Amino acid sequence: MSDVRSLLEARTDWADVDRLRAATALPLLVAGVRNTTDALRALDSGADGVVVTSLDALPGIAETVAGRCPVLLSGGVRRGADVLTAVAAGADAVFAGRPVLHGLRAGGRAGVAEVLDVLVRELGDAMTFTGTATVADIGPGLVRTGPRPADPAPPPVARPLQRSELHASVSDPVLDTMTFLNEITTRYPEAISFAPGRPYDGFFDSEQIFTHLRRYLNHLAEQGCSPQQVRTAMYQYGPTAGLIREIIADSLRADENIDVPAESIVVTVGAQEAMLLVLRALITGPDDVLLVSSPCYVGITGAARLLDIAVTPVEEREDGVSCADLEAVIRNERARGRRPRAFYVVPDHSNPSGTTMGPRARAELLELAARHGILILEDSPYRLVSPGPPLPTLKSQDRAHTVVHLGSFSKTVFPGARVGFVVADQPVVDASGRTGLLADDLAKIKSMVTVNTSSLSQAAVAGTLLAAGGKVSELNSAASAYYGDAMRATLRELDTHLPPERRKALGVRWNEPTGGFFLTLRVPFRADNAALIRSAQDFGVIWTPMTYFHPGGGGVHGIRLSTSYLTPAQISEGVARLVRFIEAESARASAPREGS
């Protein structure tokens, strides 16, 4: 290796080219050709081709060479349009090293093949756009590689932003996970996808939106609002903490037995904003830590990353998080000089694992939080779209104000409304001794973020709640039955295609959630992005790697399946494809490697 480095580091001159030409009859390419003088010198040395490093220099060099040897362009080729531009400027071929390396890193051999396929498709698109039927039709008049002759000198080009100069979160894999899944779904449109955890929209009727809006406008009039006040409520920003806090508070009392004053509620742009507000308020310095049940919803870990907040995972057991494990983590963090501020958990049918916390564990968690002086961030978006009576929320049993309840209407009303809320009834005492609510401080932060949540979205949600008498669970009875049937169908298909003896032999197992959108499988191979590409490409089925949801690392043998958006026929065919993939991948993982 040291000999190779010394060769690479040594300075090469034309005498070396002459010497190499004399020593071999193999084709000889001279790289680093920057101008016509270099090109002529390379031809004189017997070069079989020249490699140009600058697109600007390419037309002049190609004209000078005049077909006596191939001219290749190296550098700057990322898209098919780059290939077309290079050929139009005089290149016979191009090097595309960086895209291939990216493909190799992302997906190995399959990733390289996919990158090259995309490059060819993009070249075809560029040719179609420019009206060229064949590569031979690409000529120098097709694209302009320099300024118009009459134009003045081009303005100086600003230095491009460097990724290293941006916040570190933009390079964090957590922020790339959903983007990668979307790309896979787009790339393989015929694949059946168990990845998206979104509601089934077969229950939505576009005309219902107008009914919901009218119901809320009538409500405002019934409450004594004048036409001007109603108009202002709809057309102006509205209060930062929200227009519909009273209606949400009534719904929480009716549906969840959560009895809190409306003043303790802040209406947010989805639950994601609620997470950002709470984390920004609670975490005050580098020694403050957020604890999360792991595997964990990426929204909370992504929010923490954006805010430079340290996250410490509490690994779930197969039946969910253990309070003994949580207490051990709390003690360990304090021994390190850090302050655990809050613990994030999804007690009901969690995303991604699908586990549900039992009654005893809920009582133990509330007692532990009060004893250690930490807050619980409770996020339960799947409770009211699951069959059967749900267990009581942590907030409904919260007597010590240790629970901050995060809510969303994305699953229970409709995702497009983008309306969530946070219940923050914790007392906050200021320097003068006056006591307010944590919700007041969250509203202050919100005023510097989104200012308010869309009045129209709030009106649509409020009208829905009013029409249902606050009983979101009754509003979603049909949806809950649908999701329950989808979960049972998925479990039934898995059991049919992988009976106990077969899955034991393969080393495959899964949990059996009674509700929610998700279940998890453990497989005997690495369920990573490369495996996902093979699954989509060769078997036509998409899933989510569990590694996405483990902030401390782990989950390499885990697969998350979402059942919410698939029809029974898609579930049946999708599971059959998934099992074929699992069997093939298991055989691939157990096959002896070359040289072993």
Side-chain angles (χ1 to χ4, degrees), residues 1-120 122-124 126-127 134-140 142-143 145-146 593-596:
M1 181 61 74
S2 60
D3 292 338
V4 173
R5 288 199 183 99
S6 66
L7 288 171
L8 292 175
E9 292 168 359
R11 184 177 181 85
T12 302
D13 57 26
W14 289 108
D16 295 310
V17 177
D18 294 334
R19 195 159 43 247
L20 188 58
R21 176 73 290 170
T24 179
L26 292 171
L28 175 63
L29 298 181
V30 175
V33 173
R34 295 169 295 180
N35 50 49
T36 56
T37 302
D38 288 345
L40 291 172
R41 183 67 179 84
L43 286 172
D44 291 342
S45 298
D48 296 296
V50 294
V51 182
V52 183
T53 56
S54 169
L55 182 63
D56 292 336
L58 181 57
I61 293 173
E63 184 178 358
T64 299
V65 170
R68 284 178 284 175
C69 73
V71 178
L72 299 90
L73 177 67
S74 173
V77 176
R78 302 289 185 271
R79 302 287 185 188
D82 299 333
V83 179
L84 182 140
T85 301
V87 174
D92 296 292
V94 298
F95 287 95
R98 191 174 297 274
V100 170
L101 286 176
H102 288 327
L104 181 64
R105 186 173 69 173
R109 178 183 297 178
V112 172
E114 179 63 24
V115 164
L116 295 176
D117 287 344
V118 169
L119 202 61
V120 171
E122 289 179 347
L123 174 58
M127 291 171 62
T134 68
V135 173
D137 296 328
I138 302 175
L142 193 63
V143 296
T145 58
R593 297 180 181 272
E594 292 185 12
S596 63

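Just so it is clear, the model here is predicted, and its values are computed rather than measured.
With sequence neighbours excluded, the residues that form a side-chain hydrogen bond (donor to acceptor under 3.5 Å, both in side chains) with T134 are D137. Looking at residues two or more places apart in sequence or on another chain, you find no side chain to side chain contact (heavy atoms under 4.5 Å, CB included) involving L101. Not a single side-chain hydrogen bond (donor to acceptor under 3.5 Å, both in side chains) links D92 to another residue, sequence neighbours left out. With sequence neighbours excluded, the residues forming a salt bridge (charged side-chain N to carboxylate O under 4.0 Å, His left out) with D38 are R34, listed by chain and number. Judged as a side chain to side chain contact (heavy atoms under 4.5 Å, CB included), and not counting sequence neighbours, the contacts of L28 are V17, L20, R21, D48. With sequence neighbours left out, the side chain to side chain contact (heavy atoms under 4.5 Å, CB included) criterion links L29 to V51, L72. When the salt bridge (charged side-chain N to carboxylate O under 4.0 Å, His left out) test is applied to E63, no partner is found at least two apart in sequence or on another chain. Applying the salt bridge (charged side-chain N to carboxylate O under 4.0 Å, His left out) test to D117 and every residue at least two apart in sequence or in another chain returns nothing. Checked against side-chain hydrogen bond (donor to acceptor under 3.5 Å, both in side chains), S45 has the following partners two or more places apart in sequence or in another chain: D18, R41. Partners of V94 according to the side chain to side chain contact (heavy atoms under 4.5 Å, CB included) rule, which considers only residues two or more places apart in sequence or in another chain, are L73, V77, V83, A86. A search for salt bridge (charged side-chain N to carboxylate O under 4.0 Å, His left out) contacts involving R109 returns nothing, not counting sequence neighbours.
In terms of heavy atoms, C69 sits closest to A47 at CB-O, 4.3 Å. Annotation for I138 and L84: closest pair CG2-O, 3.8 Å, computed over non-hydrogen atoms. Considering all non-hydrogen atoms of both residues, A62 and V71 come closest at CA-CG2, 4.4 Å.
The one candidate from V115, L119, D82 that meets the side-chain contact (heavy atoms from CB on, under 4.5 Å) condition with P99 is V115.
Residue pairs meeting the side-chain hydrogen bond (donor to acceptor under 3.5 Å, both in side chains) criterion with at least one partner in residues 68-79, sequence neighbours excluded, are R79-E122.
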